[in-house]
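Take a look at the structure set out below.
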2 protein chains.
Amino acid sequence: MSGRGIQFEINKHLCLKDPQMTNYGQKLISESIVLFHEIGFEQFTFRKLAAKMDSTEASVYRYFENKHTLLLWLICWYWEWVHYLIDINIKNIEDVERKLKIVIHNIVNASTESPLTSYINENMLHRVVINESSKTYHIHEVDVEEKHGHFKSYEELVAKVSSIIVEFNPKFKYPKILASNLFEMANNQIYFAEHMPDLTDIKNRKDKHIDLENAMVEMSFKLLS
Amino acid sequence: MSGRGIQFEINKHLCLKDPQMTNYGQKLISESIVLFHEIGFEQFTFRKLAAKMDSTEASVYRYFENKHTLLLWLICWYWEWVHYLIDINIKNIEDVERKLKIVIHNIVNASTESPLTSYINENMLHRVVINESSKTYHIHEVDVEEKHGHFKSYEELVAKVSSIIVEFNPKFKYPKILASNLFEMANNQIYFAEHMPDLTDIKNRKDKHIDLENAMVEMSFKLLS
DNA sequence: TGTATAAAGATAGTAAAACTATCTTACTTT
DNA sequence: AAAGTAAGATAGTTTTACTATCTTTATACA
């Protein structure tokens with residue numbers, strides 16, 4: 001066992017054995033982030049992951065049922081981490097405008113915070129979230145998975161942001177729409193800037209995260225004014 | 001050959017043979033919409049589709065390279081259809097506020113319009129778009145596909161909506177963000193209402209499309225005011 | 001120090017998915 | 001009637017997505 005850092009409680013149903021608890025599990029997590037990033041969800045296989053780890057398919061299957069639950073586990077970890085960042089960053093802050101700005105900063109820019117966990121490359125995981133996260137819930141079995149609480153991390157995070165929106169303007173009628181939309185927008189607009197530039201005003205420059213953050217702050221404040 | 005209705009020009013690279021031109025192709029399109037709707041993209045196979053059509057796998061492969069391009073073809077058809085609806089519905093309308101309202105109505109509610117093409121169930125196709133469309137561009141090969149113009153139908157539709165937003169308020173700084181966000185929001189919020197209710201204020205009732213339409217009009221007008 | 005036990009490695013095998021190839025039949029078009 | 005095209009029938013390949021079992025290695029605890 002090794003590895004600096006916090007552990008988050010991820011839904012037990014998502015893995016057969018907690019990868020945070022063993023060296024092998026931590027390596028599995030770190031290499032799967034790299035592999036998802038390199039080849040994408042569709043081309044990702046446990047065979048390729050095992051090869052990358054100098055291990056075997058059977059060993060990987062001892063931790064996760066399939067690549068879908070592995071991805072879901074990673075995405076949950078990511079949302080738990082963003083939730084944690086938001087919590088510590090808005091602690092003791094009274095001004096609700098500043099609070100909302102911090103929230104938006106952490107949604108768009110989480111990966112610029114200093115890393116917390118040695119075996120997780122938060123920056124690369126953020127890339128995986130942008131590219132693949134919508135696949136975790138756009139599935140035919142969505143209702144079963146939702147019943148098992150597989151989306152709880154995301155739902156709770158949206159609920160937190162929604163509560164801050166309500167605090168900002170208690171008369172605003174659509175706090176949950178705005179909250180979930182902030183998350184979807186953050187991922188989509190970065191993706192569009194990189195791959196489908198006609199769909200966004202954000203230019204694919206180094207500072208695109210900052211540009212997007214500014215746009216999102218501006219639009220949110222206008223909506224809530 | 002048979003079948004009432006308009007034909008749209010769909011990118012030639014998406015199919016090996018235009019399914020709109022033959023009886024077999026039209027049946028392929030209509031049955032694939034049903035099958036995508038029934039079992040979702042991941043479980044969908046050409047073998048199952050062929051069985052449903054009382055045909056063979058090899059015959060299906062004569063029209064489409066794989067299920068990904070078939071889905072993309074369907075989604076493109078859908079956006080061409082929505083584009084067409086918007087064009088005829090805003091024709092001769094001067095008032096830009098009314099224009100934007102019609103646009104939003106057609107984005108959220110397209111499938112309530114009377115059907116145009118005998119072998120396409122627009123309502124069911126709308127369901128497929130809500131459930132699966134994000135998978136067409138969240139792929140590792142996105143840059144190649146974008147270069148081949150596979151997303152042109154969507155991009156042009158977003159451009160049209162963006163131009164109406166500019167007309168509404170020429171000073172608004174993020175017309176493309178708002179336009180693409182309207183489409184993403186329309187799909188997501190309906191999906192959330194049905195499967196992840198904590199993520200939206202829209203209740204999963206019969207009139208949810210109308211509720212969402214109202215919310216989207218309200219928010220857009222506030223942003224553009 | 002020896003023994004239990006659990007974690008991972010090695011190997012093998014299956015069913016289905018995702019194609020490719022080829023040959024035949026049926027229907028049109030000229 | 002001949003030629004051409006579309007679809008059916010059949011078969012085969014590679015890869016994916018698992019499952020099973022047996023062996024080895026590391027750890028732990030008594």
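Only this structure's heavy atoms are used, side chains among them; waters, hydrogens and symmetry mates stay out. Per chain, numbering begins at 1; letters A, B, ... match sequence-line order.
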Can you tell me if [X] touches the phosphate of [N], counting only side-chain N or O atoms and a distance under 4.0 Å to OP1 or OP2?
X       : N      : answer
B:Ser59 : D:dG8  : yes
A:Lys17 : C:dA8  : yes
A:Thr56 : C:dA10 : no
B:Thr45 : C:dA16 : no

Checking contacts here: which listed nucleotide (D:dA7, C:dA10, C:dA17) is nearest the side-chain heavy atoms of B:Arg62?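 For the B:Arg62 side chain, the nearest candidate turns out to be D:dA7.
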What nucleotide, of D:dA17, C:dC19, C:dA18, holds the atom closest to the side chain of B:Asn66?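 It is C:dC19.
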Could you give the [atom1]-to-[atom2] distance, from [X] to [N], as a whole number of Å?
X       : N      : atom1 : atom2 : answer
B:Tyr61 : D:dA7  : OH    : P     : 17 Å
B:Tyr63 : C:dC19 : OH    : C1'   : 19 Å
A:Tyr24 : D:dT27 : OH    : P     : 16 Å
B:Phe64 : D:dA7  : CZ    : P     : 12 Å
A:Arg47 : C:dA16 : CZ    : C1'   : 14 Å
B:Asp18 : D:dT5  : CG    : P     : 17 Å
B:Phe46 : C:dA16 : CZ    : P     : 20 Å
A:Asn23 : D:dT27 : CG    : C1'   : 13 Å

Can you confirm whether the side chains of B:His195 and A:Glu146 place a donor and an acceptor under 3.5 Å from each other?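 Not at all, the side chains of B:His195 and A:Glu146 share no donor-acceptor pair under 3.5 Å.
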Residues B:Glu80 and B:Gln7: side-chain donor-acceptor under 3.5 angstrom: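 No, no side-chain donor-acceptor contact under 3.5 Å.
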Return whichever of B:Gly25 or A:Glu57 has its heavy-atom-nearest nucleotide of DNA chain D closer to the 5' end.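 Result: B:Gly25.
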Can we say A:Lys67 and A:Glu42 salt-bridge, meaning some charged N sits less than 4.0 Å from an Asp/Glu carboxylate O?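 A:Glu42 and A:Lys67: not salt-bridged.
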Do the side chains of B:Asp18 and B:Lys12 get close enough for a salt bridge, i.e. N-O under 4.0 angstrom?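 No.
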Measure up the B:Tyr154 and B:Trp79 rings against each other and bin them: parallel (under 30°), tilted (30 to 60°), perpendicular (over 60°).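 Because their plane-to-plane angle lies in the 30° to 60° range, the rings of B:Tyr154 and B:Trp79 count as tilted.
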